[in-house]
A.B. asks: 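First the structure, which I've put down as structure tokens, then a few questions once you've had a look.
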Amino acid sequence: GLTFEIEPADVDETPQAGEHAENYVRRLAQSKAQALWRPGYLNLGADTIVFIDGQLLGKPENETHCIDMLLQLSGRIHQVATGIALYDGKETWSEVVTSNVLFRSVTRREAKAYWTTGEPQDKAGAYAIQGIAGAFVKRINGSCSNVVGLPLYETLALLRGSGFTGVQS
């Protein structure tokens, strides 16, 4: 029931040296929320990253990078963190949601075939759980919508907590 506009924010997404995943996505979400603000608007910014063993896995640069990332996640638990932020021109509200995802074992052949679908090419961690790669996921602990890219429960809570009155109970 909300009226919204989608405007990509031109924000530098380069991680800072030693920056932890949760700090990284919070910073980007806040920057995106503030980047295109206009009077009378409440901006929502969000960013999602996949990480494992402290390493940030952004979007794959090419087929080899994609396959390497998927094989790194294969048979292991990794984390997906999404930063969400609201900005009203004066105040910023933000939250970070992290989910644990367990991949089943993925073969090199499967990873290569997945690349050819075009699906992983602009996705953090080289996969989209809401698509074909959902077959790679054995289990999720945490928010499923977070892994897709926008944690809905927490976004609604953030909107309500900011005093935004356009959200119905």
Side-chain angles (χ1 to χ4, degrees), residues 1-61 69 73 77-103 118-134 136-137 139-169:
L2 299 176
T3 301
F4 61 91
E5 300 170 21
I6 298 173
E7 294 184 54
D10 185 21
V11 171
D12 180 6
E13 296 188 7
T14 305
Q16 297 174 353
E19 188 171 33
H20 190 273
E22 278 112 352
N23 295 334
Y24 171 72
V25 293
R26 183 184 305 270
R27 178 176 59 81
L28 290 184
Q30 290 173 345
S31 294
K32 289 177 179 184
Q34 295 167 1
L36 299 171
W37 182 81
R38 297 185 309 267
Y41 281 77
L42 178 64
N43 281 10
L44 170 67
D47 201 84
T48 301
I49 194 73
V50 171
F51 63 105
I52 188 167
D53 301 329
Q55 180 185 1
L56 304 181
L57 301 182
K59 298 172 184 177
E61 298 167 7
M69 280 196 275
L73 300 175
I77 294 173
H78 63 275
Q79 289 71 40
V80 178
T82 300
I84 50 176
L86 296 174
Y87 181 67
D88 69 357
K90 293 181 239 163
E91 193 168 346
T92 303
W93 299 265
S94 63
E95 179 76 35
V96 174
V97 180
T98 303
S99 303
N100 291 313
V101 180
L102 172 61
F103 259 30
E119 189 176 272
Q121 293 163 5
D122 67 342
K123 306 293 187 288
Y127 77 94
I129 194 170
Q130 69 274 25
I132 297 164
F136 298 158
V137 177
R139 183 174 58 248
I140 299 171
N141 278 338
S143 168
C144 294
S145 59
N146 173 51
V147 182
V148 174
L150 185 65
L152 299 177
Y153 174 85
E154 293 83 0
T155 299
L156 181 59
L158 199 62
L159 284 163
R160 287 182 177 149
S162 75
F164 181 67
T165 58
V167 179
Q168 301 300 314
S169 296

A.B. asks: How long is the gap from CD on Q55 to CE on M69, to the nearest 0.5 Å?
C.D. replies: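 Between Q55 CD and M69 CE, I get 9.0 Å after rounding to 0.5 Å.
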A.B. asks: So which heavy atom on A133 is nearest to which on A128, and how close?
C.D. replies: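 Closest pair (atom of A133, atom of A128, distance): CB-O, 3.5 Å.
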A.B. asks: Sequence neighbours left out, what passes side chain to side chain donor-acceptor pair (under 3.5 Å) with D10? Give chain and number order.
C.D. replies: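 D10: no side chain to side chain donor-acceptor pair (under 3.5 Å) contacts found.
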A.B. asks: Is there a donor-acceptor pair closer than 3.5 Å between any side-chain N or O of Y24 and the backbone N or O of T14?
C.D. replies: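 Not a single qualifying donor-acceptor pair exists.
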A.B. asks: Taking only residues two or more places apart in sequence or in another chain, which ones pass ring-ring contact (aromatic ring centres under 6.0 Å, His included) with F103?
C.D. replies: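 F103 satisfies ring-ring contact (aromatic ring centres under 6.0 Å, His included) with H78, Y127, F136 once adjacent residues are dropped.
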A.B. asks: Write out all pairs satisfying salt bridge (Lys or Arg N to Asp or Glu O under 4.0 Å) with one or both partners inside residues 87-100, taking only residues at least two apart or from two chains.
C.D. replies: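 Passing the test, one end in residues 87-100: no pairs.
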A.B. asks: Excluding sequence neighbours, so at least two apart, what forms salt bridge (charged side-chain N to carboxylate O under 4.0 Å, His left out) with E5?
C.D. replies: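 Testing E5 for salt bridge (charged side-chain N to carboxylate O under 4.0 Å, His left out), a comparison that skips the adjacent residues, returns R38.
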A.B. asks: Run the side chain to side chain contact (heavy atoms under 4.5 Å, CB included) check on V137 and V147 step by step: do they pass?
C.D. replies: CA-CA 11 Å; V137 177; V147 182; over 6 Å; no
A.B. asks: Output the distance between atom CD (Q30) and atom CG (L86), rounded to the nearest 0.5 Å.
C.D. replies: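 One finds 10.5 Å between CD of Q30 and CG of L86.
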A.B. asks: Report the residue from V50, D53, N100 that forms a side chain to side chain contact (heavy atoms under 4.5 Å, CB included) with Q79.
C.D. replies: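 Exactly one pass, corresponding to N100.
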A.B. asks: State which residue, out of N146, T98, D47, fulfils the side-chain hydrogen bond (donor to acceptor under 3.5 Å, both in side chains) condition with T82.
C.D. replies: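 Of the listed options, the one satisfying the test is N146.
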A.B. asks: Would you say that I49 contacts L28 through its side chain, given a criterion of any heavy-atom pair below 4.5 Å between the two side chains?
C.D. replies: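 A side-chain contact under 4.5 Å is absent here.
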A.B. asks: From I84 CD1 over to K32 NZ, what is the distance, rounded to the nearest 0.5 angstrom?
C.D. replies: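 Result: 13.5 Å between the selected atoms.
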A.B. asks: Can you name the side chain to side chain donor-acceptor pair (under 3.5 Å) partners of E61, sequence neighbours left out?
C.D. replies: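 E61 satisfies side chain to side chain donor-acceptor pair (under 3.5 Å) with no other residue.
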A.B. asks: Quick one: CZ on F51 to CG on L56, what's the gap to the nearest 0.5 Å?
C.D. replies: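 If I round to the nearest 0.5 Å, the distance is 8.0 Å.
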A.B. asks: Can you check whether L159 reaches L42 side chain to side chain, under 4.5 Å on heavy atoms?
C.D. replies: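 Yes. Closest side-chain heavy atoms under 4.5 Å.
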A.B. asks: Of all residues at least two apart in sequence or in a different chain, which pass the salt bridge (charged side-chain N to carboxylate O under 4.0 Å, His left out) check with R27?
C.D. replies: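 R27 satisfies salt bridge (charged side-chain N to carboxylate O under 4.0 Å, His left out) with E19 once adjacent residues are dropped.
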A.B. asks: Please tell me if the side chains of T48 and V25 come closer than 4.5 Å, counting only heavy atoms from C-beta onward.
C.D. replies: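 No - every pair of side-chain heavy atoms lies 4.5 Å or more apart.
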A.B. asks: Just by modelled atom types, is the V97 backbone N or O under 3.5 Å from a matching donor or acceptor in the E154 side chain?
C.D. replies: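 Not a single qualifying donor-acceptor pair exists.
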A.B. asks: What's the spacing between T155 OG1 and L150 CG if we round to 0.5 Å?
C.D. replies: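 Nearest 0.5 Å value for the OG1-CG distance: 3.5 Å.
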A.B. asks: Ignoring hydrogens and angles, tell me if any N or O in the side chain of S31 forms a donor-acceptor pair with the backbone of V11 under 3.5 Å.
C.D. replies: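 Answer holds: no.
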A.B. asks: For residues N141 and I77, determine if any side-chain heavy atom of one lies less than 4.5 Å from a side-chain heavy atom of the other.
C.D. replies: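 Side chain of N141 against side chain of I77, heavy atoms only: no contact under 4.5 Å found.
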